[in-house]
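Worksheet: one structure, shown below.
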Amino acid sequence: MDDGAARNVRSARHVAIIMDGNGRWASARGLPRVAGHREGSKAVRRCIEAAIDLGVGWLTLFAFSSENWQRPQEEIADLTFLLRHYLRTELDELHRNGVRLAVIGERGRFGPAVAADLAAAEARTAGNTRLTLTIALSYGARSEILEAARRVAEAVQAGTLNPESLDETKFGALLSTASMPDPDLVIRTSGEQRLSNFLLWQAAYAELVFLDVMWPDFDRAHFAEALAEFGRRERRFGARPVL
Ligand code: IPE
Ligand code: IPE
Ligand code: MG
């Protein structure tokens, strides 16, 4: 890797991942979809370990979208169970490894018990600094942006905000990602090449990497490969190319 690539790899400080393909992984093996989700949670563990090893400071994982509520009740129940199981079995180790857990999305829709588990996990790991792991749960970018727009409208109506003074920084501070840097790299597994309502505002200048691997098979080598691809990209942010 040349110096430029190495510099870029170091600068991928926030990686966001659309963990897709659990159902297809299971179908290909004649297994029920829940088996894919179960295997997918093992990939989450590998992914977090890889993020720490590879020096990524911020990792955001898309675990459940606001549109995923359209799935059958049984699958939603399986995913909710797996989420609670994951927290019960992994939180000690996450905490030991210096991981700060944060959740974005409408967690209340999973019910008060899950919301309480998530709040407790966030509170317990709040002081950790090695990796900020954000899990997007019942998350949808359009409703996040709409909610921010509603707050702007209310503030203008209340006379506490002058519309002229609204800028990208102030608007960004109204989103659920207020305290986070924008993602540098968005990875999607499963071969699909779309964002599916993930971080639409924040990923405005993210590099996108689509991997032909189903999420349950994702490992450290895939993570490193995506970072290497990121390192080969020239980020311009609309400025003229470097000659
Ligand atoms: C990703 O895998 C997990 C969630 C969206 C909850 P999918 O369940 O979407 O798996 P595919 O895309 O059907 O293979
Ligand atoms: C996106 O995957 C959401 C998550 C990975 C949590 P989906 O499987 O729900 O997306 P579509 O339906 O293929 O766009
Ligand atoms: Mg999918």
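All of these numbers come straight from a predicted model, not from anything done at the bench. Just so you know, ligand 1 is whichever comes first in the structure, and atom 1 is the first atom listed for that ligand. Quick note: residue numbers are just sequence positions, from 1.
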Looking at R142, I'd like to know if its CZ atom is crowded, meaning that more than 12 non-hydrogen atoms belonging to other residues, nucleotides or ligands lie closer than 6.0 Å. no

Does S196, backbone or side chain, put an N or O under 3.5 Å from an N or O of ligand 2? yes

Distance-only side-chain donor-acceptor flag, T134 / W58, under 3.5 Å: no

Which atoms of ligand 2 are found less than 4.0 Å from any heavy atom of R194? 11 (P), 13 (O), 14 (O)

Using the six-membered ring wherever Trp is involved, compare the ring planes of F218 and F223 and label them parallel, tilted or perpendicular (cut-offs 30° and 60°). tilted

Under 4.0 Å from any heavy atom of F64, which atoms of ligand 2 are there? 6 (C)

For ligand 2, which atoms have a heavy atom of N68 less than 4.0 angstrom away? 3 (C), 6 (C), 9 (O)

Are M214 and ligand 1 in contact, using a heavy-atom cut-off of under 4.0 Å? no

Does some non-hydrogen atom of S190 fall short of 4.0 Å from ligand 1? no

May I ask whether R71 has any heavy atom positioned less than 4.0 angstrom from an atom of ligand 1? yes

Does atom CD of E74 have more than 12 heavy-atom neighbours, drawn from other residues, nucleotides or ligands, at distances under 6.0 Å? no

For the residue pair F110 and F64, categorise the inter-ring angle as parallel (less than 30°), tilted (30 to 60°) or perpendicular (more than 60°). perpendicular

Using a distance threshold of 2.8 Å, what protein N/O/S atoms lie below it relative to the Mg ion (ligand 3)? D20 OD1

Among all protein heavy atoms in this structure, tell me which lies nearest to atom 2 (O) of ligand 2, with the distance rounded to 0.1 Å. R188 NH2, 3.5 Å

Any atom of ligand 1 sitting under 4.0 Å from a heavy atom of A63? yes

